[in-house]
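Each remark here refers to the structure printed beneath this line.
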Amino acid sequence: MHYHPELIEPKWRKLWDENQLYKVSNDSSKPKYYVLDMFPYPSGAGLHVGHPLGYIASDIYSRFKRLKGFNVLHPMGYDAFGLPAEQYAIQTGVHPAVSTDTNIKRYREQLDKIGFCYDWSREVKTSDPSYYKWTQWIFLRLFDHYYDLDENRALPISKLTKAFEVSGNTNVHAATGQQSTFSAAEWKEYSDAIKDQILMNYRLAYRKTSFVNWCEALGTVLANDEVKDGKSERGGFPVEKKAMLQWSLRITAYAERLLDELNDLEWTDSLKAMQRNWIGKSVGAQVFFQIQNRNENIEIFTTRPDTIFGATFMVLAPEHALVDVITTEDRKNEVGAYIDYVASRSDVDRLAEAKEVTGIFTGAYAVHPFTKKLIPIWLGEYVLKDYGTGAIMAVPSDDERDQIFAQKFGLDIIPVVDKAAYPQAGLHDKVGTMINSEFINGLEVKDAIEAVIKRLESLQIGARKVNYKLRDANFSRQRYWGEPFPIRYNSDGVSTSLEDSALPLTLPEIEDFKPASGGKSPLARDNDWVHQYDGYTLETDTMPGFAGSSWYFLRYMDPTNDAAFASKQAITYWRDVDVYIGGTEHAVGHLMYSRFWHKFLYDLGYVPTKEPFKKLINQGMITAYGYYASNLLFGMDDAILIGNAKDIDGELLNKNGRKYTGEGSPVRLPYILDYLDAQNRITKTKFDDYVHDIGHEYNVLSEHDRYSWVKDDEGQEYFTVNIVQEKMSKSKFNVQNPDEVVETYGADCFRMYEMFLGPIEQSKPWDTKGIDGVQKFLRKYWSLFFDENELAVQDSTPDKAEIKVLHTTIKKVSDDIERFSFNTCISAFMMCVNELKRLNTRSRAILEPLNVLLAPFAPYVTEELWQLCGHTTSVHNAAYPVFDPAAVEEEHDEYPICVNGKKRDIMEVPKGMSKNDIQHLAMSSDRVLKYVEGKEIQKVIVVPGRMINFVVKE
RNA sequence: GCCGAAGUGGUGGAAUUGGUAGACACGCUGGACUCAAAAUCCAGUGCUAGCGAUAGUGUGCGGGUUCGAGUCCCGCCUUCGGUACCA
């Protein structure tokens with residue numbers, strides 16, 4: 001009987017499903033364990049071979065934990081709201097819900113084939129009203145809370161309004177955008193509209209006019225982490241700054257906790273670093289500079305208050321609110337022109353000309369807080385509106401950018417830090433002695449910082465301050481395919497939330513998915529929907545993609561509950577995610593928002609843990625080889641294979657109907673191969689072989705070379721092309737589909753091969769070069785159980801050698817699974833099977849435990865063999881074999897004898913001998929003395945289990 | 001620029017605490033079986049020299065610590081990921 005995965009796998013898939021083998025209960029005496037995958041966005045391209053990498057790893061780990069006696073929650077779902085489905089709808093008119101469901105169905109089919117142990121009864125879909133009801137519900141809680149800095153947690157808005165009625169906002173210490181203060185009496189006099197506006201400055205979900213990343217091509221705004229290099233992450237369209245009335249989430253209120261509580265997590269250093277970087281905490285001082293002849297101050301933030309005596313001018317962001325106020329009459333025209341110029345420039349322009357310095361003098365002066373000297377106020381592009389206060393004191397002696405600015409515009413430079421004692425120090429290093437700085441002269445920088453802050457505070461013109469790079473998260477999208485906001489406005493524009501009982505507020509059915517006029521969501525065109533509440537209009541924006549994904553891991557705990565996002569009992573049992581597996585692309589987006597929402601829910605008492613994801617494993621990307629041949633290639637007269645670029649371009653367009661994107665772009669190898677094939681100039685295989693073998697050739701080329709030539713044995717030259725690794729995507733025609741692999745080799749083989757490729761956290765290119773080795777292993781494994789057509793497993797007593805092989809493998813595999821090193825597990829299995837094959841093992845006492853050990857990796861073949869061995873229950877419910885240390889112990893230890901670290905011989909030492917005894921035994925051994933050869937022994941080092949080393953004088 | 005990770009045979013990669021570097025697999029070479037192919041099995045395979053046992057050499061580069069370094073320390077180089085007029 002031979003191994004036939006195509007017969008085994010569908011059979012068990014069906015049986016497992018019928019028996020609900022993977023259904024998990026919320027009520028168990030076993031300890032809980034929660035293994036989570038980042039749920040996918042169901043795109044039209046289907047699953048590619050990169051997706052399952054993390055899923056397979058989490059599946060192996062879940063199955064392992066099950067066998068080890070845990071009640072394992074291992075669910076899967078879909079991040080189903082999102083832009084691509086809507087773009088597709090605009091182009092084709094197909095409703096996003098329809099295309100999304102089609103895609104989900106395809107994903108599900110693909111996932112099922114690979115044999116995952118998901119409990120599908122817990123599937124969630126963020127676009128499902130029964131799901132987004134609770135996304136909206138959490139949003140309403142955010143809307144209804146503010147962040148109290150005294151208690152350091154979220155509190156109800158009602159508490160805040162009570163405080164306002166007693167003493168205005170003067171005694172309120174909260175995370176807020178509120179600038180001005182008001183008294184209790186004033187508060188009571190305010191209209192509803194004003195009250196609404198003020199409360200918006202406190203709510204954790206709030207609406208304000210803000211400069212946002214507007215993407216014209218997508219017709220919507222984007223969050224900061226959805227913009228890369230001034231272009232949209234999805235689609236790569238240009239993004240500009242635009243002032244719009246937008247919903248935001250006050251994530252900044254949680255900045256300190258998001259930073260602090262990172263420390264307790266088992267995440268990689270690089271990921272923690274990314275989050276820290278994104279939060280961007282810096283400690284320094286705020287300082288108020290009075291404007292000459294005016295009753296107004298410019299507030300600045302600086303990390304170097306010590307250099308304040310070197311501040312010779314100030315620079316405001318061109319968008320700063322005070323610009324209009326302070327610009328003198330004679331400068332109005334020029335300043336206006338400059339502001340227009342800045343506004344006309346996109347982020348892309350700015351990035352492209354980063355080194356260019358621009359700026360303009362406003363005509364106004366500020367008064368230096370200590371010297372009382374007048375210093376000019378300038379505008380400059382390099383000061384960002386969104387960071388700090390949008391204004392700086394410029395210290396050209398100790399800041400590179402200020403220096404360039406001062407040099408260009410001829411402004412004063414006063415040195416204030418003497419770094420003579422620190423020749424290695426750079427401009428920004430906080431070391432040196434203060435000079436030209438009045439009361440801090442002679443102090444070291446560190447002490448000077450403290451002295452200045454103290455003085456600022458005593459004079460009440462500044463204070464110690466912590467600043468964060470993290471900004472509030474933009475939460476509005478002018479789109480159809482997202483969660484509607486459960487918010488309505490009355491005729492005065494005052495916002496109120498819908499009652500919880502009105503949730504879910506469902507999306508209306510519409511037919512035209514194009515954005516409505518004025519940068520509005522298509523929802524705005526549905527009058528009936530917008531005006532469904534008398535006297536009110538509903539908010540027509542929808543929530544962004546990260547809304548639904550910020551809490552989905554909680555819904556899995558109790559996915560069908562209609563009275564709560566999850567029952568208290570379910571949350572108390574499952575608590576948090578023990579292991580979370582996913583890619584680094586979500587390092588600062590999803591993982592930051594989820595932590596924020598979780599902390600908020602913690603403040604409100606809905607979840608028992610401060611952090612949602614205890615341990616995080618980052619799987620690397622599976623990339624595709626991209627083959628490029630430069631157009632340069634085609635210009636060469638003696639090119640033996642190729643005509644010219646246009647030639648190829650034109651022909652292939654006709655032949656394949658594929659679009660080749662333009663002049664100057666690299667041509668992909670498949671095109672060239674097709675072309676060459678058509679021309680009968682070279683066979684595909686031959687060319688492929690060459691391309692395959694040039695990895696090392698390529699290393700000797702400079703990065704600018706896109707091609708090279710290689711000679712074959714007869715001296716014939718062939719061209720080779722640049723090889724790169726790139727992300728798989730539909731647009732690049734490089735998607736490798738798992739289906740084909742599963743069909744050819746079987747799911748077990750596919751699973752093991754993906755794990756065998758290398759460590760899961762590493763990115764690597766997909767190729768099937770080594771998959772035969774894994775297939776060979778599975779056949780060999782299968783043949784351990786069979787003699788021709790007969791099951792050969794016997795109830796014989798295994799011998800010592802066999803037991804040793806088994807237990808060595810148990811130890812190695814169990815340890816390696818715990819540290820997510822699956823590639824070495826598979827090596828261990830291969831070695832084990834080779835050994836057992838050699839020993840001709842047929843004993844049940846060896847093969848059955850081994851089968852259980854392998855079950856997490858190859859669930860189908862192990863289940864089949866388990867049943868053939870006569871079991872009636874699933875191998876996936878079996879007990880994990882227990883490691884017996886005695887089984888692997890030798891009666892004798894073999895110690896290499898080394899002289900000065902070099903191995904000379906091997907000596908057998910009785911088991912359990914002490915280090916001292918081993919030393920004595922070695923010293924008296926003739927064999928050892930032969931190698932030491934009369935040289936004086938200085939030291940004998942016995943490394944337990946490793947070696948005996950004689951250190952001698954050479 | 002700053003932060004993080006990594007550089008090991010022809011290839012993917014092992015080496016968990018400083019202790020026989022190259023496990024396991026791919027590929028390649030030779031052989032067995034076969035009319036032949038596929039499949040399977042056996043042997044070899046870091047590099048250099050040698051028929052050979054063997055010797056020398058070898059983990060990006062240059063130093064250092066140690067009886068002993070892929071692993072630790074100092075100084076570089078390269079690649080990948082993140083981030084940036086961040087005050």
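Quick note on labels: first sequence line is chain A, next is B, and so on, each numbered from 1.
No contact: A:R838 has no heavy atom under 4.0 Å from any strand. At the heavy-atom level, A:L757 lies under 4.0 Å from the strands shown only through sugar-phosphate atoms. Residue A:S270 is classed as a sugar-phosphate contact, given heavy-atom separations below 4.0 Å to backbone atoms only.
As rounded to the nearest Å, B:A39 and B:C26 have P atoms that lie 12 Å from one another. To the nearest whole angstrom, the two C1' atoms, one in B:U59 and one in B:G9, are 10 Å apart. Comparing the P positions of B:A5 and B:C86 gives an interatomic distance of 23 Å, to the nearest angstrom. Only the P atoms considered, B:G60 is 35 Å distant from B:C41, to the nearest whole Å. B:U71 sits 14 Å from B:A21 when the P atoms are compared, rounded to a whole Å. Separation of the C1' atoms belonging to B:G46 and B:C42 is 23 Å when rounded to the nearest angstrom. On the P atoms, B:G31 is 13 Å away from B:A37, given to the nearest whole Å. One C1' atom belongs to B:U48, the other to B:A43, and the distance between them is 23 Å to the nearest Å.
Counting to the nearest Å, the P atom of B:C86 and the CD atom of A:Q286 are 21 Å from each other. With rounding to whole Å, A:Y468 atom OH is found 21 Å from B:U83 atom P. In this entry the distance linking CZ of A:F756 with P of B:G27 reads 12 Å, nearest Å. A straight line from CG of A:D399 to P of B:A84 spans 18 Å, rounded to a whole angstrom. As rounded to whole Å, 8 Å separates atom P of B:A87 from atom NZ of A:K469. In this structure, A:Q775 places its CD atom 21 Å from P of B:C24, rounding to the nearest Å. Remark: P of B:C86 and CH2 of A:W278 are 15 Å apart, rounded to the nearest angstrom. For the pair A:M831 CE and B:A25 P, the interatomic distance rounds to 8 Å; values are reported in whole Å.
Ranking B:A87, B:A14, B:G82 by closeness to the A:N277 side chain, first place goes to B:G82. Nearest nucleotide to the side chain of A:D269, out of B:A5, B:U16, B:A14: B:A5. For A:K780, the listed nucleotide lying nearest its side chain is B:C41; candidates were B:C41, B:G82, B:G12. The side chain of A:S827 approaches B:A23 more closely than any other nucleotide in the set B:A23, B:A25, B:A15. Distances were taken from every side-chain heavy atom of A:T824 (C-beta onward) to each of B:A25, B:A14, B:U16; the shortest belongs to B:A14. The side chain of A:R779 approaches B:A39 more closely than any other nucleotide in the set B:C3, B:A39, B:C24. The A:L384 side chain lies nearest to B:A87 when the options are B:U83, B:A87, B:U40. Residue A:I941 places its side chain closer to B:C67 than to any other of B:A25, B:C67, B:C3.
Taking the nucleotide of RNA chain B with the nearest heavy atom to each of A:A828 and A:K812, the more 5' of the two is matched to A:K812. Along RNA chain B, the nucleotide closest to A:D815 and the one closest to A:K837 are compared, and the more 5′ of them pairs with A:D815.
Here B:U40 sits opposite B:A32 as a Watson-Crick or G-U wobble pair (both hydrogen-bonding atom distances under 3.5 Å). Across the strands present, B:A15 finds no partner; the criterion is a Watson-Crick or G-U wobble pair with both atom distances under 3.5 angstrom. Within the shown strands, nothing qualifies as a pairing partner of B:G52 under the Watson-Crick or G-U definition with both distances less than 3.5 Å. Using N1 to N3 plus N6-O4 or O6-N4 for Watson-Crick, or N1-O2 and O6-N3 for G-U wobble, each under 3.5 Å, B:U65 pairs with nothing. When both distances must be under 3.5 Å, the Watson-Crick or G-U wobble mate of B:U45 is B:G27. B:U83 and B:G1 make up a base pair, with Watson-Crick or G-U wobble contacts both under 3.5 Å.
Using modelled atom types, one side-chain atom of A:K764 and one backbone atom of A:P759 make a donor-acceptor pair closer than 3.5 Å. Between the A:H368 side chain and the A:I308 main chain, a donor and an acceptor come within less than 3.5 Å of each other.
Under 4.0 angstrom from either OP1 or OP2 of B:A25 there lies at least one side-chain N or O belonging to A:N834. Within the structure, a side-chain polar atom (N or O) of A:K776 is placed less than 4.0 Å from OP1 or OP2 of B:C26. Checking the phosphate oxygens (OP1, OP2) of B:A14, a side-chain nitrogen or oxygen of A:N823 falls inside 4.0 Å. Of the side-chain N and O atoms in A:R276, none sit less than 4.0 angstrom from OP1 or OP2 of B:G4. Considering only side-chain N and O atoms, A:R304 lies nowhere under 4.0 angstrom from the phosphate OP1 or OP2 of B:A87. A:Q762 has a side-chain polar atom (N or O) that falls below the 4.0 Å cut-off from OP1 or OP2 of B:G13.
In this structure, B:G9 is classed as syn because its glycosidic torsion stays within 90° of zero.
Closest approach of A:P396 and A:I413 over heavy atoms only: CB-CG1, 3.8 Å.
If you check the side chains of A:T252 and A:D472, you find a donor sitting under 3.5 Å from an acceptor. Side-chain contact check for A:Q775 and A:Y753: no donor-acceptor pair (N or O, by modelled atom type) lies under 3.5 Å.
Of the charged side-chain nitrogens involved, none lies within less than 4.0 Å of a carboxylate oxygen, so that A:K812 and A:D815 do not count as a salt-bridged pair.
Residue A:K811 qualifies as open at atom NZ: its count of foreign heavy atoms under 6.0 Å is 12 or below.
Here the side chains of A:I817 and A:F822 are in contact, with some heavy-atom distance below 4.5 Å. Residues A:L591 and A:L616 form a side-chain contact, since some pair of their non-hydrogen atoms from C-beta on lies under 4.5 Å apart.
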